[in-house]
**Q** 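Quick one: structure below, then a few questions.
Numbers restart at 1 for each chain; the letters A, B, ... are given by sequence-line order, proteins then strands.
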Amino acid sequence: MKIYNTLTKKKENFTPIEANKVKMYACGPTVYNYFHIGNARPFVFFDVVRNYLEYKGFEVTYVQNITDIDDKIINKAIEDNSTFKKIAKKYITAFEEDTQRLGIKKPDFQPKASEVIGEIIKLIKDLEDKGFAYQVDGDVYFSVESFKDYGKLSGKKIDDQKAGARVEANTNKKHPADFTLWKKAKPGEPVWGSPWGQGRPGWHSECVVLSQKYLECQSFDIHGGGVDLVFPHHENENAQAESLSHKPLANYWMHNGFINIEGEKMSKSLNNFFTARDILEEYDAEAIRFFFLSKHYRSPIDFNRDIMQESDTAVQNFYKAIKTINYLPQAGRQDYSCRFSSLKDVFFTAMDDDFNTAKALSVMFELAKIVKSNKEEESVRKEAADLLYELGSVLGFFQEIESKLSNDLGALSEKLLTILINIRDEAKANKNWVLSDKIRDSLLQEGIQLLDTKDGTKWEKK
RNA sequence: GGCGACAUCGCCAAGUGGUAAGGCAGAGGUCUGCAAAAUCUCCAUCCCCAGUUCGAAUCUGGGUGUCGCCUCCA
């Protein structure tokens, strides 16, 4: 299988450090607000990566951090007239609720920065002792000139940045690109004691500590996040880790593209921000998932209502297909016929090619078509349904299959519904279209769709 | 100014040298009191120019356009 590696800027064959095991780390949220639809993309995508690797038989350890120490949280606390801790706590809870609603499986470890302050201090001290970091008046900086490969991940050269000269001059730093490891305490901010006095860690160290700690190694397989994290965050993480271990923090660096809103970058000033929470009010979690997966993860993707509606239709189609044969599919079937094992291969080939989910989805459409087709044998349709369910599950779909397939309203409701249908049949027989349409429309408002078929009137929950 | 990505039907989107997947929307047929659903059929030569090649959406060069990063950011 191939993965595009930001570090080498090409697709590479994926070989984990330990055979059959994959250790992966993805940057999680900074808990100062509800996370938005753009944040949700990597959460969903790396969930799929993890699922797929497990499906392929790898034993996956997946770590995602929660940044609960940060300027943005401090600012939010001031803004809301609250405390730093309360803000973090509130949005951690919200994060957990929203990811669960999105159908994202919990990572194996989800540690917080605040849990490892001691280890972060140790890392910074180590960097200082070995000459990679220096202290100026209570602040500690990483010296980019001390790490000769600085810039290798993002493809940036230190001197170009100097020439750019957009960076605010900071007289304390030896080099403009040097980044903060430890910040001196300011009044009113949360602080921890350290060899450099009271202060708090910068953003770039926590991921180094948390990944190495929970993955139990200095260098692991996959590190992921949004493209904007490549520089400076991931570049800086790697600089710290590699300076000390002489190995890259991770072998494969994966970065997902951005989400635009109506063709424009999502930003607070444009007021085109959508939280995942808000979107979930309008659309099913799986429609959101489909929206993300319908395009390659590295491409930018435009978010708008039409596209969400389309995604919703697509997901409903998968469910509808299975509904037509009234059969609860089984995953993990071993004995697919030739026809279906080759379709399965198409799916695998697509996913093996740097997670080409858009192509993988086309296999699902093809299967759905077979499931629905009354030209196929029932056993063939069931087989197609099994595979559809199996592959869909890998991508995180069909989480609601039981409830979607069920038309169970409880015995009484069903009886009442039958009565209404009978009345409507009578009205229809009398060509009383006003009444029959009224019954149909009223039921539709309650989420019951009537379907007049050759074999009489049928109904289903919408 | 530096670095990088992308440009395929009305919309979304695969395709990385061998003659344009798939989805949505649309058109038409079947079915139908109407509607919905279902089902069948139809629907692109790939931003421009030049080059390489027997052959290019796919490679090279040059344009044009859109976007991202370089500052907190998924």
**Q** State, to 0.1 Å, how close Ile87(A) and Ile73(A) come at their nearest heavy-atom pair, and which atoms those are.
**A**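 Closest approach of Ile87(A) to Ile73(A), heavy atoms only: CG2-CG2, 3.9 Å.
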**Q** What interatomic distance, in whole Å, is found between C1' of U19(B) and the corresponding atom of U64(B)?
**A**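 So the two C1' atoms sit 28 Å from each other.
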**Q** What interatomic distance, in whole Å, is found between P of G4(B) and the corresponding atom of A27(B)?
**A**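 Going atom to atom, P in each nucleotide, I get 47 Å.
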**Q** For the pair made of CG in Leu450(A) and C1' in G33(B), what is the distance, rounded to whole Å?
**A**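 Rounded to the whole Å, the gap is 15 Å.
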**Q** Rounded to whole Å, how long is the line connecting atom CD1 of Ile325(A) with atom C1' of A38(B)?
**A**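 The distance from CD1 of Ile325(A) to C1' of A38(B) comes to 15 Å, rounded to the nearest Å.
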**Q** Identify whether any heavy atom of His36(A) sits under 4.0 Å from a base atom; if not, whether one sits that close to sugar-phosphate; answer base, sugar-phosphate or nothing.
**A**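 The answer is base, as His36(A) lies within the cut-off (heavy atoms under 4.0 Å) of a base atom.
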**Q** Tell me what Gln449(A) touches on the nucleic acid: a base, only sugar-phosphate, or nothing, going by heavy atoms under 4.0 Å.
**A**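 Sugar-phosphate, no base atom in range.
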**Q** Which part of the nucleic acid, if any, lies within contact of Lys9(A), taking any heavy atom under 4.0 Å across all strands shown: a base, the sugar-phosphate backbone alone, or nothing?
**A**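 Counting heavy atoms under 4.0 Å across all strands, no contact is made by Lys9(A).
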**Q** Could you please spell out the steps behind the side chain to side chain donor-acceptor pair (under 3.5 Å) verdict for Glu206(A) and Asn65(A)?
**A** CA-CA 8 Å; Glu206(A) 65 181 69; Asn65(A) 71 306; 2.8 Å; yes
**Q** What interatomic distance, in whole Å, is found between P of U58(B) and the corresponding atom of C47(B)?
**A**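 Between the two P atoms, the distance is 8 Å.
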**Q** Please state whether the phosphate of G23(B), meaning OP1 or OP2, lies under 4.0 angstrom from any side-chain nitrogen or oxygen of Lys369(A).
**A**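 So the side chain of Lys369(A) is within the cut-off, an N or O lying under 4.0 Å from OP1 or OP2 of G23(B).
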**Q** With rounding to whole Å, what would you report as the distance between G23(B) and U41(B) at their P atoms?
**A**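 After rounding to an integer number of Å, I get 12 Å for this pair.
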**Q** Hunt down the Watson-Crick or G-U wobble partner of C3(B), both distances under 3.5 Å, from any strand shown, or write none.
**A**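 Pairing partner, where one exists within any strand: G68(B).
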**Q** Between Asn304(A) and C11(B), does any side-chain N or O lie under 4.0 Å from OP1 or OP2?
**A**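 So the side chain of Asn304(A) is outside the cut-off, no N or O lying under 4.0 Å from OP1 or OP2 of C11(B).
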**Q** Has Arg289(A) got a side-chain atom pairing as donor or acceptor with Gly103(A)'s backbone, closer than 3.5 angstrom?
**A**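 Checking the backbone N and O of Gly103(A) against the side chain of Arg289(A), a donor-acceptor pair under 3.5 Å is found.
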**Q** Do any N or O atoms from the side chain of Asp353(A) and from the backbone of Asn356(A) form a donor-acceptor pair under 3.5 angstrom?
**A**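 No, because the side chain of Asp353(A) does not come within donor-acceptor range (under 3.5 Å) of the backbone of Asn356(A).
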**Q** How far does the C1' atom of A56(B) sit from the matching atom of U16(B), given to the nearest Å?
**A**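 Looking at atom C1' only, A56(B) and U16(B) are 10 Å apart.
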**Q** Would you name the heavy atoms of Phe318(A) and Leu388(A) that are closest together and state the gap between them?
**A**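 So the minimum-distance heavy-atom pair works out to O-CD2, 4.1 Å.
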**Q** So Ile259(A), base contact, sugar-phosphate only, or nothing? Heavy-atom distance under 4.0 Å.
**A**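 Here Ile259(A) touches the bases of the nucleic acid.
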**Q** Short of 4.0 Å, heavy atom to strand atom, which residues of residues 286-295 of chain A count as contacting RNA chain B?
**A**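 Ser294(A), Lys295(A) - these, ordered by number, are the residues of the stretch whose heavy atoms sit under 4.0 Å from the strand.
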**Q** Verify whether the ring centers belonging to Tyr389(A) and Tyr327(A) lie closer than 6.0 Å.
**A**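 No, too far apart.
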**Q** With rounding to the closest Å, how many angstrom separate the P atoms on C6(B) and A13(B)?
**A**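 Their P atoms lie roughly 14 Å apart.
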**Q** Quick one: Tyr297(A) OH to C6(B) C1', roughly how many Å, whole number?
**A**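 For the pair Tyr297(A) OH and C6(B) C1', the rounded distance is 16 Å.
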**Q** Would you measure the distance from the C1' atom in G63(B) across to the matching atom in A7(B) and give it in whole Å?
**A**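 These two C1' atoms come out 14 Å apart once rounded.
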**Q** Looking at the rings of Phe14(A) and Tyr252(A), which for Trp means the six-membered one, are their centres under 6.0 Å apart?
**A**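 Yes, the ring centres sit under 6.0 Å apart.
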**Q** Pick the nucleotide of RNA chain B nearest each of Thr313(A) and Ser154(A); which residue has the one closer to the 5' end?
**A**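 In this pair, the answer is Ser154(A).
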**Q** Both distances below 3.5 Å, Watson-Crick or wobble geometry, any strand: find the nucleotide opposite G55(B).
**A**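 Here G55(B) is not engaged in any pair, so there is no nucleotide opposite it.
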**Q** If we call it a pair only when both distances are under 3.5 Å in a Watson-Crick or G-U wobble match, what pairs with C24(B)?
**A**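 G10(B) is the nucleotide pairing with C24(B).
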**Q** Taking N and O atoms by type only, does the side chain of Arg298(A) place a donor or acceptor under 3.5 Å from a partner on the base of A5(B)?
**A**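 Check fails, no donor-acceptor contact within cut-off.
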**Q** If C43(B) has a Watson-Crick or G-U wobble mate with both distances under 3.5 Å, name it; if not, just say none.
**A**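 With both distances under 3.5 Å required, C43(B) matches none.
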**Q** Please report the distance, rounded to the nearest Å, between CG in Leu343(A) and P in A21(B).
**A**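 Leu343(A) atom CG is separated from A21(B) atom P by 16 Å.
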**Q** Which base, if any, makes a Watson-Crick or G-U wobble pair with C34(B), both distances under 3.5 Å?
**A**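 None - no nucleotide pairs with C34(B), as no candidate has both distances under 3.5 Å.
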**Q** To the nearest 0.5 Å, tell me how far Ile66(A) CD1 sits from Cys27(A) SG.
**A**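 That separation rounds to 12.5 Å.
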**Q** Mind checking whether Phe109(A) and Tyr25(A) have ring centres under 6.0 Å apart?
**A**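 That pair fails the under 6.0 Å test.
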**Q** Of Lys372(A) and Gly257(A), whose nearest nucleotide on RNA chain B comes first from the 5' end?
**A**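 Result of the comparison: Lys372(A).
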**Q** Compute the centroid of each ring, for Tyr319(A) and then for Phe398(A), and state whether the two points are separated by less than 6.0 Å.
**A**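 Yes.
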**Q** With a non-hydrogen cut-off below 4.0 angstrom, is Asp306(A) in contact with a base, only sugar-phosphate, or nothing?
**A**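 The residue Asp306(A) makes no contact with any strand.
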**Q** Is the ring centre of Phe365(A) under 5.5 Å from the base ring centre of G23(B), and are the two planes under 30° apart, so that they stack?
**A**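 Aromatic stack with G23(B) absent for Phe365(A).
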**Q** What is the nucleic acid contact for Ser299(A), judged by heavy atoms within less than 4.0 Å: base, sugar-phosphate only, or nothing?
**A**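 Result for Ser299(A) = nothing.
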**Q** If we take the P atom in both U45(B) and A74(B), what is their distance in whole Å?
**A**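 These two P atoms come out 43 Å apart once rounded.
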**Q** Taking the side chain of Ala358(A) as its heavy atoms from C-beta onward, which of A13(B), C69(B), G15(B) lies nearest to it?
**A**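 In terms of side-chain proximity for Ala358(A), the closest of A13(B), C69(B), G15(B) is A13(B).
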**Q** If I take atom CZ in residue Phe95(A) and atom P in nucleotide A74(B), what distance separates them, rounded to the nearest angstrom?
**A**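 After rounding, the reported distance stands at 12 Å.
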**Q** In whole Å, what is the span from the CG atom of Leu7(A) to the P atom of G4(B)?
**A**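 These atoms are roughly 15 Å apart.
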**Q** Send over the distance from Gln309(A) CD to C24(B) P, rounded to a whole Å.
**A**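 That distance rounds to 13 Å.
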**Q** Tell me whether the OP1 or OP2 atom of C24(B) has a side-chain N or O from Asn317(A) closer than 4.0 Å.
**A**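 Affirmative; the distance criterion is met.
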